[in-house]
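Comments concern the structure below.
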Amino acid sequence: MNNLLSASKQKFTKSARILNSADYRRITGPGRKSVSPHFLLFVLVGTDGSEPRLGMTVSKKVGNAVVRNRIKRTIREFFRKNRFRLDPSFECVVIARPRAGKSSSAELTISLSKLFRSYEH
RNA sequence: AGAGUGGGCUGGGUGGCCGCUGGUGUUAUGCUGUUUGCAGAUUUUAACACUGGAGGAAAGUCCGGGCUCCAAAAAGCAAGAUGCCGGGUAACUCCCGGCGGGGGCAACCCUAGGGACAGUGCCACAGAAAACAGACCGCCGGACUAGUUUAUCUUCCGGUAAGGGUGAAAAGGUGCGGUAAGAGCGCACCGCGUUUUCCGGUAACGGAAACGGCAAGGUAAACCCCGUCUGGAGCAAGACCAAAUAGGGGGACGUUUAGGGCUGCUAUGUCCAGUUCCCGGGUAGGUCGCACGAGGUGCUUGGUAACAAGUACCCAAGAUGAAUGGUCACCACCUGACUAGCAAUAGUCAGGAACAGAACCCGGCUUACAGGCCCGCUCUUUUU
RNA sequence: GCGCCCGUAGCUCAGCUGGAUAGAGCAUUUGGCUACGAACCAAAAGGUCGGACGUUCGAAUCGUUCCGGGCGUA
């Protein structure tokens, strides 16, 4: 039963993404900030919300389009697999730093898991 | 076999699990209407099923067009682009064929290649002289007999451009004749030129003849002249729907104790504030534009070719804080190590696998690229 | 998408338009001055002029193209 529930929560639909410029500003402003060599993480845990939501920013300084897409896919994949551990009102924005462009996907996944550990339950 | 040269194709595959996104269908749900049974739509959200989902350069944004809006009689000016000839195309800084020039033994490659008697500018250093040519050293003749011992040298006048040295470039090259010395001064061959003629070619141009003793440097990727082309902006174009807040226009109320101004005051009237209703513009946001097009593939015909015409079949991504992925296994490829083997090779382990991500669409150009495959041609060597 | 600018010594720049010596300041090194140092004085070294191709007798400069960096605007 528990297994089935976690499997159903591995989806990552449009409602779980932050798509609005206003939402980005709402989170990156007052949100809690944490840093790793590869990423910046802004977190805002509110009171209401149906599911954890993710936004991300990868600027042109990080690399060319292929590199940027790879980083975004890695972040998205990590969030999709670990989403069921987070609070339903959890909202975050991940910003990639220039060093992330030179790192492998496995290194990025390790870096992300360290950043998200304190918010999991 | 080696070296070289031109062109074309490809850009890992199969399967399991978990995902993203477009389309279609079914079910449920939301919305609107409602006679509470249901019905409707340009269909909200989810689940399930089927099905589509990056490139040869999607890149750089260097050109050309379609499309949309704005402007606009045409032409011209300005500015920019372009430049051998002919053809192709919607168009082109593109492509095809040819010509001239340059490089290479050759296959083949490179070539912004109109005009320098329309005008202006520039050409350092060196050198006598660098642009209406000129005369330093020379060569030759003469003069005064000026200096000096004849010779010779110096000085002056004149004729020359053969030789010298400088330079990227200095009034065509070689030979013979000729001359005081020389010189296209004359001749032969080569080169060059021609508003000449003939032949071939649509043309650029090529060939031949005749004539000219030979024309007065280079630079136009210096300004410029001549011919040709170009209206401007771009899908964040543009069309539609449309919150919140602020503001605009119009209508009604504006009264009894209830705001302010106007005629001296009051009443009345009127204007404003205020309240309320309606309207349009418009921001966030959303929908369309937006995937059937100068479309692709095959065949036939015309053409050397680029390409065109005809015909048959096919529909092949559509995201928008931006999808096309992650992971595991196997196979194929490459590299290294180890083991077996004389060797070819086989097995195990580890690693590698390029350049790069659609953003309105199309035609080119340019640049990047691991590896693999195919075809044509040239030269050298060897064998038959 | 459109438009524009800049790459020259370790650093900041000039020279480019209008072609012929690659220069200035700071920094570095050496010498002098000083008891020693700073400052000062003198000298030296340091450059594929972002790369490639072309035009030209000759390219930092002109043309084409690529690379890197930056800015404006809707």
Side-chain angles (χ1 to χ4, degrees):
Chain A
M1 184 65 194
N2 195 17
N3 211 3
L4 211 152
L5 194 81
S6 73
S8 77
K9 282 195 174 179
Q10 284 199 7
K11 291 189 183 311
F12 182 59
T13 54
K14 223 177 233 181
S15 60
R17 291 180 213 164
I18 296 166
L19 304 170
N20 205 301
S21 178
D23 285 347
Y24 270 90
R25 267 184 245 113
R26 191 166 52 77
I27 295 164
T28 55
R32 271 176 65 193
K33 185 177 166 186
S34 44
V35 187
S36 84
H38 306 94
F39 300 104
L40 296 176
L41 175 68
F42 290 90
V43 176
L44 195 68
V45 182
T47 49
D48 54 342
S50 55
E51 55 185 340
R53 299 172 72 210
L54 169 74
M56 51 196 170
T57 300
V58 184
S59 82
K60 231 175 184 178
K61 283 181 186 171
V62 176
N64 60 20
V66 174
V67 171
R68 279 181 272 141
N69 273 347
R70 183 172 59 77
I71 290 167
K72 286 197 262 186
R73 281 169 187 152
T74 310
I75 297 168
R76 232 181 266 125
E77 194 68 15
F78 175 84
F79 189 78
R80 181 175 74 79
K81 288 200 169 144
N82 298 286
R83 209 162 67 103
F84 66 96
R85 284 192 257 234
L86 295 164
D87 198 78
S89 62
F90 181 90
E91 291 179 301
C92 71
V93 171
V94 178
I95 299 173
R97 304 177 74 189
R99 228 180 112 181
K102 292 170 192 157
S103 308
S104 70
S105 299
E107 286 172 353
L108 296 180
T109 308
I110 292 164
S111 182
L112 283 168
S113 66
K114 281 180 185 166
L115 277 175
F116 274 87
R117 188 164 294 156
S118 59
Y119 301 102
E120 292 168 359
H121 52 75

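Proteins get letters first, then strands, A, B, ... in listed order; numbering begins at 1 in each.
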Item to check | Which atom of A:Ala100 lies closest to which atom of A:Val62, heavy atoms considered | outcome: C-CG1, 4.5 Å
Item to check | Pairwise C1' distance for B:rU304 and B:rA57, with rounding to whole Å | outcome: 31 Å
Checklist entry - Can you check the A:Lys81 NZ to B:rG325 P distance for me, whole Å? => result 15 Å
Checklist entry - Is the shortest heavy-atom distance from the side chain of A:Phe12 to the side chain of A:Arg17 under 4.5 Å? => result yes
Checklist outcome for this item: Taken in chain and number order and not counting sequence neighbours, the residues that satisfy side chain to side chain contact (heavy atoms under 4.5 Å, CB included) with A:Ser36 are A:His38, A:Phe39, A:Ser111, A:Leu115
Item to check | Selected nucleotide, minimal atom distance to A:Lys11 side chain, candidates B:rA47, B:rG325, B:rU21 | outcome: B:rA47
Checklist outcome for this item: As its Watson-Crick or G-U partner within any shown strand, both distances under 3.5 Å, B:rA116 has none
Checklist outcome for this item: Judged by whether its glycosidic angle lies within 90° of 0, B:rA124 is anti
Checklist entry - Under 4.0 Å: is that the gap between some side-chain N or O of A:Arg76 and OP1 or OP2 of B:rA322? => result yes
Next on the checklist: Working note: A:Tyr119 + A:Val43, criterion side-chain contact (heavy atoms from CB on, under 4.5 Å); need CA distance, chi angles, decisive distance, verdict.
Outcome noted: CA-CA 9 Å; A:Tyr119 301 102; A:Val43 176; 3.7 Å; yes
Checklist entry - What is the glycosidic conformation of B:rG298: syn, defined as within 90° of 0, or anti? => result anti
Checklist entry - Watson-Crick or G-U wobble partner for B:rU339, using a 3.5 Å limit on both distances? => result B:rA346
Next on the checklist: Given a 3.5 Å cut-off on both pairing distances, which stems involving RNA chain C, each at least three consecutive Watson-Crick or G-U pairs, are present, if any?
Outcome noted: C:1-7 with C:67-73, C:10-13 with C:23-26, C:28-32 with C:40-44, C:50-54 with C:62-66
Next on the checklist: Any strand counts, and the cut-off is 3.5 Å on both contacts for Watson-Crick or G-U wobble. Which nucleotide pairs with B:rU82?
Outcome noted: B:rG227
Next on the checklist: Taking pairing as Watson-Crick or G-U wobble with both contacts under 3.5 Å, can you name the mate of B:rA358, or confirm there isn't one?
Outcome noted: none
Next on the checklist: Using side-chain contact (heavy atoms from CB on, under 4.5 Å), reason through A:Thr109 and A:Thr74 one step at a time and then give a plain yes or no.
Outcome noted: CA-CA 7 Å; A:Thr109 308; A:Thr74 310; 3.7 Å; yes
Checklist outcome for this item: When both distances are under 3.5 Å in a Watson-Crick or G-U wobble arrangement, the nucleotide paired with B:rA107 is none
Checklist outcome for this item: So, with a heavy-atom separation below 4.0 Å from RNA chain B, the residues of residues 60-72 of chain A are A:Asn64, A:Ala65, A:Val66, A:Asn69
Checklist entry - Would A:Phe42 end up clustered with A:Val45 when hydrophobic side chains under 4.5 Å apart are linked, directly or stepwise? => result no
Next on the checklist: Mind checking if A:Thr57 touches a base, just sugar-phosphate, or nothing, with heavy atoms under 4.0 Å?
Outcome noted: base
Next on the checklist: Give me syn or anti for B:rG56, where syn covers glycosidic angles within 90 degrees of 0.
Outcome noted: syn
Checklist entry - Between B:rU5 and B:rG11, how far is it from one C1' atom to the other, in whole Å? => result 25 Å
Next on the checklist: For B:rG19, is there a stacking contact with A:Phe12, counting only centres under 5.5 Å and planes under 30°?
Outcome noted: no
Checklist entry - For atom P, what is the distance between B:rG55 and B:rC70, given to the nearest Å? => result 39 Å
Next on the checklist: Taking the C1' atom in each of C:rG31 and C:rC13, what is the distance between them to the nearest angstrom?
Outcome noted: 30 Å
Next on the checklist: Test of understanding: with side chain to side chain contact (heavy atoms under 4.5 Å, CB included), list the residues that count as partners of A:Arg26, not counting sequence neighbours.
Outcome noted: A:Asp23, A:Leu44, A:Arg53, A:Glu91
Checklist entry - Is any side-chain N or O of A:Arg17 closer than 4.0 Å to OP1 or OP2 of B:rU320? => result no
Next on the checklist: Using side-chain contact (heavy atoms from CB on, under 4.5 Å), reason through A:Ile75 and A:Leu54 one step at a time and then give a plain yes or no.
Outcome noted: CA-CA 9 Å; A:Ile75 297 168; A:Leu54 169 74; 4.2 Å; yes
Checklist entry - For the pair made of CD in A:Glu77 and P in B:rC328, what is the distance, rounded to whole Å? => result 12 Å
Checklist entry - If the C1' atom of B:rC360 is compared with that of B:rA317, how far apart are they to the nearest Å? => result 15 Å
Next on the checklist: Could you go through A:Glu77 and A:Arg80, starting from their C-alpha distance and side-chain angles, then the distance that decides it, and tell me whether this counts as side-chain contact (heavy atoms from CB on, under 4.5 Å)?
Outcome noted: CA-CA 5 Å; A:Glu77 194 68 15; A:Arg80 181 175 74 79; 2.4 Å; yes
Next on the checklist: When the P atoms of B:rU367 and B:rC375 are compared, how many Å lie between them, rounded to an integer?
Outcome noted: 29 Å
Item to check | Assigned glycosidic conformation for B:rA353 [threshold 90° from 0] | outcome: anti
Checklist entry - Given atom NZ of A:Lys14 and atom P of B:rU44, what is their separation to the nearest angstrom? => result 12 Å
Checklist entry - Any side-chain heavy atom of A:Leu112 sitting closer than 4.5 Å to one from A:Phe79? => result no
Item to check | C:rG54 versus C:rU12 - spacing of their P atoms, nearest Å | outcome: 33 Å
Next on the checklist: Strictly by Watson-Crick or wobble contacts shorter than 3.5 Å, is anything paired with B:rA312, and which nucleotide is it?
Outcome noted: B:rU297
Next on the checklist: Whole angstroms only, please: what is the CE-C1' distance between A:Met56 and B:rA323?
Outcome noted: 11 Å
Item to check | Distance, C1' atom - from B:rG113 to B:rC117, rounded to whole angstrom | outcome: 23 Å
Checklist entry - Please give, in whole Å, the distance from B:rG321 C1' to A:Phe42 CZ? => result 16 Å
Checklist outcome for this item: Across all chains, not counting sequence neighbours, the side chain to side chain contact (heavy atoms under 4.5 Å, CB included) partners of A:Lys72 are A:Met56, A:Val58, A:Asn69, A:Arg76
Checklist outcome for this item: The Watson-Crick or G-U wobble partner of B:rC377, with both key distances under 3.5 Å, is B:rG4
Item to check | Distance in angstrom units between A:Tyr24 OH and B:rA322 C1', rounded | outcome: 10 Å
Checklist entry - How many Å lie between CG on A:Leu54 and C1' on B:rC20, as a whole number? => result 14 Å
Checklist entry - Between atom CZ in A:Arg73 and atom P in B:rA319, what is the gap in whole Å? => result 17 Å
Checklist outcome for this item: When both distances are under 3.5 Å in a Watson-Crick or G-U wobble arrangement, the nucleotide paired with B:rG134 is none
Checklist outcome for this item: With sequence neighbours left out, the residues meeting side chain to side chain contact (heavy atoms under 4.5 Å, CB included) with A:Ser104 are A:Ala106, A:Glu107
